[in-house]
K.L.:
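Below you will find the structure I want to go over with you.
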Amino acid sequence: MTAAADGRGLGGEELAQLIDSMLRDVPDFPLPGVLFKDIAPLLADAAAFNACIDAFADLPAAFEADLIAGVEARGFVVAAAVARAVDAGVVPVRKAGKLPPPTVSARYELEYGSAEIEVPVGLLEGKRVYLVDDVLATGGTLAATIELLTRAGATITGVGVLVELSFLNGRQRLEGQDLTSLLVL
Ligand SMILES: O=P(O)(O)OC[C@H]1O[C@H](OP(=O)(O)OP(=O)(O)O)[C@H](O)[C@@H]1O
Ligand SMILES: Nc1ncnc2[nH]cnc12
């Protein structure tokens with residue numbers, strides 16, 4: 001397969017357009033007024049998914065990390081694949097009540113509600129962590145995750161998302177972070 005056919009080596013505007021073409025817009029989900037960006041078609045397309053993972057894996061902030069953290073649930077898919085590509089471990093950032101102790105937890109608001117997340121302590125002290133998720137919307141999820149990872153003793157090398165919904169200003173919540181968004185809408 002050529003580079004173009006398998007999606008590998010794509011970057012910049014070309015990759016952004018590919019991602020955009022693979023998103024499904026779902027109006028009024030999960031709440032009225034929310035335009036949900038469904039990444040399922042993107043994950044189901046091997047070339048597009050590979051291209052996204054390769055784009056993250058090419059970033060110094062990712063390949064210099066000891067661990068790749070992903071936020072439950074969609075972030076897990078991205079984190080595990082990036083970790084494999086850069087030969088790092090994975091750390092799950094989970095919704096409250098799922099991880100055995102000891103953990104640290106934080107409540108946060110996201111575009112369509114509120115939630116609580118937890119990270120395991122003990123695994124993170126002194127580690128360099130690259131944090132990934134599928135969508136950056138208001139930034140509530142990733143801001144809370146960064147706070148937790150830092151409280152658990154990790155250093156964040158950077159943050160990567162497939163899609164940034166810029167009209168929700170999440171980037172402002174991540175000030176000071178090395179943020180990569182493969183597609184900005
Ligand atoms: O920037 P924010 O406003 O915080 O929103 C972004 C978050 O919202 C979604 O997670 P969700 O909690 O819906 O979890 P899911 O992956 O289980 O669907 C998405 O996967 C991000 O983690
Ligand atoms: N509009 C949206 N689409 C998909 N995932 C999201 N997470 C938060 N807001 C979202």
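Each ligand, and each atom within it, is numbered from 1 in the order the structure gives. All values below come from the heavy atoms of this structure, side chains included, with hydrogens, waters and symmetry mates left out.
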K.L.:
When you look for heavy atoms under 4.0 Å from ligand 2, do you find them on the side chain of E111, its backbone, both, or neither?
P.N.:
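For E111, only side-chain atoms sit under 4.0 Å from ligand 2.
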
K.L.:
Mark up the atoms of ligand 2 that fall under 4.0 Å of a heavy atom belonging to A137, in ascending order.
P.N.:
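Counting atoms of ligand 2 from 1, those under 4.0 Å from A137 are 8 (C), 9 (N).
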
K.L.:
E72 and side-chain hydrogen bond (donor to acceptor under 3.5 Å, both in side chains): which single residue from R94, K98, K95 fits?
P.N.:
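Of the listed options, the one satisfying the test is R94.
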
K.L.:
May I ask you to check whether A73 has an N/O atom sitting below 3.5 Å from an N/O atom of ligand 1?
P.N.:
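Yes - when backbone and side-chain N and O of A73 are compared with those of ligand 1, one distance drops under 3.5 Å.
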
K.L.:
Could you tell me if any non-hydrogen atom of G139 lies under 4.0 Å from any atom of ligand 1?
P.N.:
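It does, in that a heavy atom of G139 comes within the 4.0 Å cut-off of ligand 1.
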
K.L.:
Hey, does L110 come in under 3.5 Å of ligand 1, counting only N/O atoms on both sides?
P.N.:
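No, L110 has no N/O under 3.5 Å of an N/O on ligand 1.
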
K.L.:
Counting only heavy atoms, which portion of D134 has something under 4.0 Å from ligand 2: side chain, backbone, both, or neither?
P.N.:
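Answer for D134: neither.
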
K.L.:
Check each atom of ligand 1 against the heavy atoms of K95 and keep those under 4.0 Å away; list them by number with element.
P.N.:
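In order of number, 11 (P), 12 (O), 14 (O), 17 (O).
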
K.L.:
Looking only at distances, please establish whether an N/O atom of ligand 1 is found under 3.5 Å from an N/O atom of D134.
P.N.:
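Yes.
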
K.L.:
Kindly confirm or rule out an N or O of L35 lying under 3.5 angstrom from an N or O of ligand 2.
P.N.:
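Yes: some nitrogen or oxygen of L35 is under 3.5 Å from one in ligand 2.
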
K.L.:
So, regarding V71 and ligand 1 (criterion: nitrogen or oxygen to nitrogen or oxygen, under 3.5 Å), is there a contact or not?
P.N.:
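In this structure, V71 places no N or O atom under 3.5 Å from an N or O of ligand 1.
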
K.L.:
Enumerate the atoms of ligand 1 whose separation from the nearest heavy atom of E111 is less than 4.0 angstrom.
P.N.:
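It comes down to these atoms of ligand 1: 3 (O).
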
K.L.:
Give a yes/no verdict on whether any heavy atom in R173 is under 4.0 Å from an atom of ligand 1.
P.N.:
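Under 4.0 Å: no for R173.
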
